[in-house]
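Here the structure is laid out as structure tokens; the discussion comes afterwards.
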2 protein chains.
Amino acid sequence: MTQPRPAGQHTVRRHNSALVVGAIADSPGISRAGVAARTGLTKATVSSLVDRAIAANLVVDGEPARREGPGRRGTALSLSPAGPHGLGVEIGVDYIATCLVDLTGSVASRRIRPVDNRSQPANRVLVKVARAIRTAVAELPARVGGVGVAVPGLVDSSSGFLRTAPNLGWRDVDVRAELRDRTDLGDSAIMVGNEANFAALGELWGGGHEDLRDFVHVSGEIGIGAGIVMDGVLFEGVRGFGGEIGHLPVDSKGPRCSCGARGCLEAMAGQDAILRQAGVPDVDTLVLRLEANDRKAISAARSVAKWLGTALSNVVNLLDVPTIVLGGTYARLEPWLHELLLDELNLRVVSAAWSRVQVLRSTLGTEAAVRGAASAAVRAIVADPDPFITASVG
Amino acid sequence: MTQPRPAGQHTVRRHNSALVVGAIADSPGISRAGVAARTGLTKATVSSLVDRAIAANLVVDGEPARREGPGRRGTALSLSPAGPHGLGVEIGVDYIATCLVDLTGSVASRRIRPVDNRSQPANRVLVKVARAIRTAVAELPARVGGVGVAVPGLVDSSSGFLRTAPNLGWRDVDVRAELRDRTDLGDSAIMVGNEANFAALGELWGGGHEDLRDFVHVSGEIGIGAGIVMDGVLFEGVRGFGGEIGHLPVDSKGPRCSCGARGCLEAMAGQDAILRQAGVPDVDTLVLRLEANDRKAISAARSVAKWLGTALSNVVNLLDVPTIVLGGTYARLEPWLHELLLDELNLRVVSAAWSRVQVLRSTLGTEAAVRGAASAAVRAIVADPDPFITASVG
DNA sequence: CAGATAAGTTTAGGCATCGAACTATTAACG
DNA sequence: CGTTAATAGTTCGATGCCTAAACTTATCTG
């Protein structure tokens, strides 16, 4: 729990800076006068704050915008693509991915390195992650303003402490501290979070879906994770546990899962289970078979849709979140899952009678998590730009 | 969604007033110097803010406290029992209850009027509710600073709009506006909320449970509702839908429910279902039979525990909330439900293996909702005292 | 080119906090 | 009983950020 801090003038400026930068982020090309009207601040205040933001390289003012009718034209303000960037890092089971996003949300660069992280202890892997971060930072002709680290495990997001990552075999790793020690990120924020949660955020901010503010993003790679977004905000749960649906029990007669229980969703509808049931070695082959209408593959998809629907209907019933976004491996299988999953949901969801459940396909696929991590870092800058402004202006 | 407002000096004072009053609420008897140390504000600022709070009748300073060692003794500050009160109102199916709570959390008065609200249209009932409010206000030798209204239905808490209350037969009633029109509450805040949610808050603040910050409070009267508290904060869900567990499907072969679906929890474990199954006319008789070890009654309790456990295990699995508090009618049946419910939960909850689920009995019982509503009003004053201070001082 | 309209800047003033000095109260010690 | 040290609380000038209002700059219209 964060201790409440006393407020002073600096708090006011911090708040208003966020307001101004936020307004510019929301509607690029807006003028100082426009920002003033939007935020309720006076033109004088906006001018002063914008000047500081420009000096800090967060904002640039461009050409005067054309306008109708008389009056001076306002200068178009927008977030600076040369300002601080957000760095996203994903520690996958068999790869390390990085991604740089500028303040406007554009991807500046990205990179994936295949690494088998399963066979190695945590600190060995973190050395490689640190190297990947240093490379990304070195290549960027701008400053890195924050880092998001996506991890396939349970994270206490406030401390950055990774409690357990079964598929990596990690337990109790202080990812944030380790990475800070091994890099020269200065005092940049390092946000460590669950890979499924970051993926949901990636889809929220970069998925191109209009008005999508309440949804469950299901990402199935090795494990099954869900990121739940409600009113545009990630739902974290009690101890960062929100959306841990991989081990919801769906079939009491199902096979034993690695967690010890029986018939967990992961054991019934995880990637391994699908592939085994379809009798194929990998997802590429599975997709080919599905396209060829192979009976076993189709039946595997049907089974996955059924179990996913069972588990997700609980989520929908309990949280009243009306949309499911299929991500990760499920995004590739979406055409074959869509209808069956929808049927299952409509059958089991109480509110389905008066408001239909929706199933969408992720547009970012397996890249959602890195993108989300990078975007989260960028959003943090925009949401509280004052530290950057003060550091650069004084 | 609340529009972000620009900050100014007044915002600073408002924030710091809340800090100061909050510190006094958290540790009554604290001195000005103590508040300064706790909040990080200077003694000068604290003095000034405390003086204003005293002038507004929110805070009183008492006798100098005894201290060890040398030095002047600080004056003991505490919230004023004569300051503004919170008024809780509960619109039940067959009663209207009111309750006044002072700033310290003590109940100043309460009253229950039996009324059959089922047979009457909403505006007729609201006239009676308004009368009950006026009576409570008139009897109080202090000011009412806010009102909480608990309603057995789905409420959009930001607008105070009641969407539907099946057990009252109400639809789309603007409870807040209706009550404001029919009373002279001035500009006091009127918070309209779901009865189960307020009950959970009542238990959180007035239940006397130590360190209980994450729990599900299940209240069964006519319907079944749950209030979910996570990290000491009510979980509201997407459209005030959080904790609407009454219509979770628990038995696909169960009887048809009033909502149209089959085997809803409410149809399986609601009060009506229990009484029918036990073959008794009311809860009092049921308790007598249970005490006499009546076979049918025991079997009804067993069945309730099973269905409740089925539904609640979903909640626990999904939200990782480790504690169930049995309220309302269930509180009276707790001795006979406890063990069976716990068994069912331990069977179905994934995390049960490493962290045990806990089942508690509500200490406020059927009074939890009014108490919660009144306390919510009080908490709102303490959380943002500035409007009261400014109004009274200028 | 005059008039109207809007963007952006300058300047004086208000206000809440802070820091530091100051007063008030109390225990301990000789 | 008086002195000293420690702590509580107050007073007062300085600081910083915002606001209001006047002012400058830029653009369109007739």
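Values in this document were obtained by computation on a predicted structure and should not be read as measured data. Letters A, B, ... mirror the listed sequences (proteins, then strands); counts begin at 1.
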Item to check | D/dT19 OP1/OP2 closer than 4.0 Å to side-chain N/O of A/Thr45 | outcome: yes
Item to check | For A/Asp156, all residues meeting side chain to side chain donor-acceptor pair (under 3.5 Å), sequence neighbours excluded | outcome: A/Ser158, A/Ser159
Next on the checklist: Side chain of B/Pro70, heavy atoms from C-beta onward: which of C/dA20, C/dA27, C/dG8 has the nearest atom to it?
Outcome noted: C/dA27
Checklist entry - Do any pairs count as a side-chain hydrogen bond (donor to acceptor under 3.5 Å, both in side chains) and have a residue in residues 16-26 of chain A, sequence neighbours left out, and if so which ones? => result A/Asp26-A/Arg38
Checklist entry - Of the nucleotides C/dA16, D/dG9, C/dA6, which one has an atom closest to the side chain of B/Thr75? => result D/dG9
Next on the checklist: Could you check whether any side-chain N or O of A/Asp231 sits under 3.5 Å from a backbone N or O of A/Val233, counting only pairs where one atom can act as donor and the other as acceptor?
Outcome noted: no
Checklist entry - Can you find an N or O donor on one side and an acceptor on the other, under 3.5 Å apart, linking the side chain of B/Gln9 with the base of C/dC15? => result yes
Checklist outcome for this item: Checking C/dG8, C/dT17, D/dA8 against the side chain of B/Leu49 (C-beta onward), the nearest is C/dT17
Checklist entry - According to a strict under-4.0 Å criterion, is B/Asn16 in side-chain N/O contact with OP1 or OP2 of C/dA16? => result no
Checklist entry - Which parts of residues 24-32 of chain A get close to DNA chain C, meaning a heavy atom less than 4.0 angstrom away? => result A/Ser31, A/Arg32
Next on the checklist: Using 0.5 Å steps for rounding, measure from the CG atom of B/Asn197 to the CZ atom of B/Phe235.
Outcome noted: 10.0 Å
Item to check | B/His10 NE2 to D/dT19 P, straight-line distance once rounded to whole Å | outcome: 7 Å
Checklist entry - Base, sugar-phosphate alone, or nothing: which one does B/Ser48 contact when heavy atoms must sit under 4.0 Å apart? => result nothing
Next on the checklist: Which heavy atom of A/His10 sits nearest to which heavy atom of A/Ala7, and what is that distance?
Outcome noted: NE2-C, 4.5 Å
Checklist entry - Would you say A/Arg73 reaches D/dT27's phosphate, i.e. side-chain N/O to OP1/OP2 under 4.0 Å? => result yes
Checklist entry - Among D/dC17, C/dC18, C/dT9, which nucleotide sits nearest the side chain of A/Ser47? => result C/dT9
Next on the checklist: Looking at B/Asp386, is its backbone amide N or carbonyl O close enough to the side chain of B/Arg14 to form a donor-acceptor pair, meaning the two atoms are under 3.5 Å apart?
Outcome noted: no
Next on the checklist: Should the side chain of A/Arg72 and the base of C/dA6 be counted as holding a donor-acceptor pair, with the cut-off at 3.5 Å?
Outcome noted: no
